[in-house]
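See below for the structure under consideration.
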There are 2 protein chains.
Amino acid sequence: MSRREPADPTHAGATADGEASVPPPSGPAGSPTLEQVAREAGVSLATASRALNGSTRNVRPEYRERVLAAARRLDYSPNLAAQAVAKGGSLTVALVVADITDPYFSSITSGVLHAAEELGLITTLAITERQPERESVLVRVLRGQRPKVIIVAGSRTGSAQDDELAAELAAFGRNGGRVALISQPSLPFRTVDIQNGAGAAALAERMIQLGYRSPAVLSGPAGLATARERTAGFVDTFAAHGHPVPEDRIIPGEFTRNGGFLAAEQLRRRGLSDVDLVFAVNDVMAVGAMVYLRDVGVAVPRDVAVAGFDDIDSLRDVTPSLTTVALPLAQIGRAAVELALRDDEDGADPARLPIEGAVMVRESTPPRDAP
Amino acid sequence: MSRREPADPTHAGATADGEASVPPPSGPAGSPTLEQVAREAGVSLATASRALNGSTRNVRPEYRERVLAAARRLDYSPNLAAQAVAKGGSLTVALVVADITDPYFSSITSGVLHAAEELGLITTLAITERQPERESVLVRVLRGQRPKVIIVAGSRTGSAQDDELAAELAAFGRNGGRVALISQPSLPFRTVDIQNGAGAAALAERMIQLGYRSPAVLSGPAGLATARERTAGFVDTFAAHGHPVPEDRIIPGEFTRNGGFLAAEQLRRRGLSDVDLVFAVNDVMAVGAMVYLRDVGVAVPRDVAVAGFDDIDSLRDVTPSLTTVALPLAQIGRAAVELALRDDEDGADPARLPIEGAVMVRESTPPRDAP
DNA sequence: CTGTTAGCGCTTTCAA
DNA sequence: TTGAAAGCGCTAACAG
């Protein structure tokens, strides 16, 4: 390849004034500074600043040109850290997710990134590796960046971890930061409130309509409100229709493909004789469960139906196609940054943005003949 | 929920000196500063700095305690931007990927995040949305953060875009930044060099061993070196064994599920009568192709075999399981940050870290009876 | 070991 | 409009 550092043939001479001692581009390291640009352009630091970043229309066009040219020549890149310290805040949004590898979170992340980019904000990402107790730690670290927004995507736990997170976030908010949560509205911050319970309930209704009567639930991590809400919404609805779900048909497990696999195994061990439907509280688990069932020769949906939650896009090609509750994940991410940034201080309570899921009935839960 | 801002009952009194005019925690906004902490602790700014962030063992334990206590009391969070400007560089790694929603990139991202976290670095993420020309733009923006490392994960194109990226990266490097690319070693920077050609060639060898003779290739975006290398490695190997692949059996398309789907459709339109194997240059496309084939009643692998590349974890449950070339994606991400940070300036050439793929033969390519 | 005092790069009054 | 100068919060000599 024909690449080599250009050696910058442009600026052979010095600037108008004879300041020969500080040749901008030959310094050992460090990006060119605004001051160098100013000198190179023959204007003051202030003017250079205004031309480059200040609100337009205050600097004489000619000067502006000169500054811009100088900046280009020196390959100037404004030091955002310096700007942040001078202005008292950075143009950054900090995002905390459980696992970037999980399509649920990567879709949300994608939404956040897009929204941020449109607003000229840079995004910082941190992951808890599915350990909720890390949320507050990470927020604490990220706070140091003085981001404009901190978004935490991940289920509340309802335990002390929530309080720690709240404390950290409150401190951030007190100092002028904006916050948005993506989860349950159980903390005093703006939150994109995913209607897990309602979604699961709606799914249950449909399943009942389709003729299902004795479901089992792969209920996810007991510690996560998201899992609990989905489980409860589903179970309660079945119960309300006269089909209570026995305790031993509710099997916890990780929010992962393996979690679903293992939970399904557990379920089978307990005997799924009369189980006609397995509801895994998220799609990834549902797929794990389907794989397990297939492995042990239980046909889906003939022997047992399966439903999930989330409508993960990359899972739309599983066979049979998966009945689920669709969530607009990318939109949720986008909504979170908008919600955080919104200026209205109308209601006293922190704003909630409810997001409804949409039941998608597919091949994994065909209509069932009444028994 | 029982949450309320704590109202901080701790600091009723003032500090030793009667500085009553600046009560730290009641200011309208802005995090407490080091100076406030110092004052609160009754020590100098410098001491506070040393106690909080400076290299240990220089501050009297008692003072250190006092400072730490004060910091905790005020809920102090060091301003990283200020630190960055004072130290002339931030503890940040900036990562550019094409699409965080693609498991290929989210896995790499995960690796980068883990490595960064272990090193106490914060990660900033930007996406090109699969537009290579955005790489240089994003790098330029990210440069402003004065990150310690910039990592660009994404195929080279071999066009002017590469040069723009190189220029931007060179400027960054010139100013002391570390760079790592994850792709082809065609630019003068350290790069995690994924052996696409070799991987595809190895796959082809195995396929030939298995009895395949007339493959078609869903070759991905013509503009991306990754796609070209994989295609060439595969095609050349078949040719070398006396089984040239006709031009019209090589069908470009996007690096996505839909890209694979559409390319497969295209392939069928051209007639896949005697095609015995479809090699999609990445797994996501392979799945798209399999779905298309299934939709039109072409059985995989009975009627035609399918192979992919990457070994995306979340795709391991497709049926039939997919033959592919496994890449240690998370490790690749981790390796990139380590490579960038490595201090040895041994060889004159920028360091290359070759990463080999491992052929995984699975159900989608069973042994084929000789024709 | 501690405090004083320059900066770091940039923004932003405040005069001119 | 422009420039001089005072910070922004923190670190790093440099003297005590």
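Source: prediction; values computed, not measured. Residue numbers start from 1 in every chain, and the chains themselves are labelled A, B, ... in the order their sequence lines are given, proteins ahead of strands.
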### Task
Starting from the C-alpha separation in whole Å, work towards a yes-or-no answer on side-chain contact (heavy atoms from CB on, under 4.5 Å) for A:Thr123 and B:Thr124.
CA-CA 6 Å; A:Thr123 301; B:Thr124 273; over 6 Å; no

### Message
Keeping B:Arg190 on the side-chain end and B:Leu339 on the backbone end, is there a donor-acceptor pair under 3.5 Å?
### Response
yes

Does any non-hydrogen side-chain atom of [Y] lie less than 4.5 Å from one of [X]?
{"X": "A:Leu45", "Y": "A:Leu34", "value": "yes"}
{"X": "B:Val337", "Y": "B:Lys148", "value": "no"}
{"X": "B:Glu135", "Y": "B:Arg156", "value": "yes"}

### Message
Each nucleotide in nucleotides 7-16 of chain C should get exactly one letter: B, S or -. Can you fill that in based on protein heavy atoms under 4.0 Å?
### Response
BBBBBBB---

Separation of atom [atom1] in [X] from atom [atom2] in [N], rounded to whole Å:
{"X": "B:Leu52", "N": "D:dC10", "atom1": "CG", "atom2": "P", "value": "9 Å"}
{"X": "A:Glu65", "N": "D:dT2", "atom1": "CD", "atom2": "P", "value": "13 Å"}
{"X": "A:Arg60", "N": "D:dG3", "atom1": "CZ", "atom2": "C1'", "value": "13 Å"}

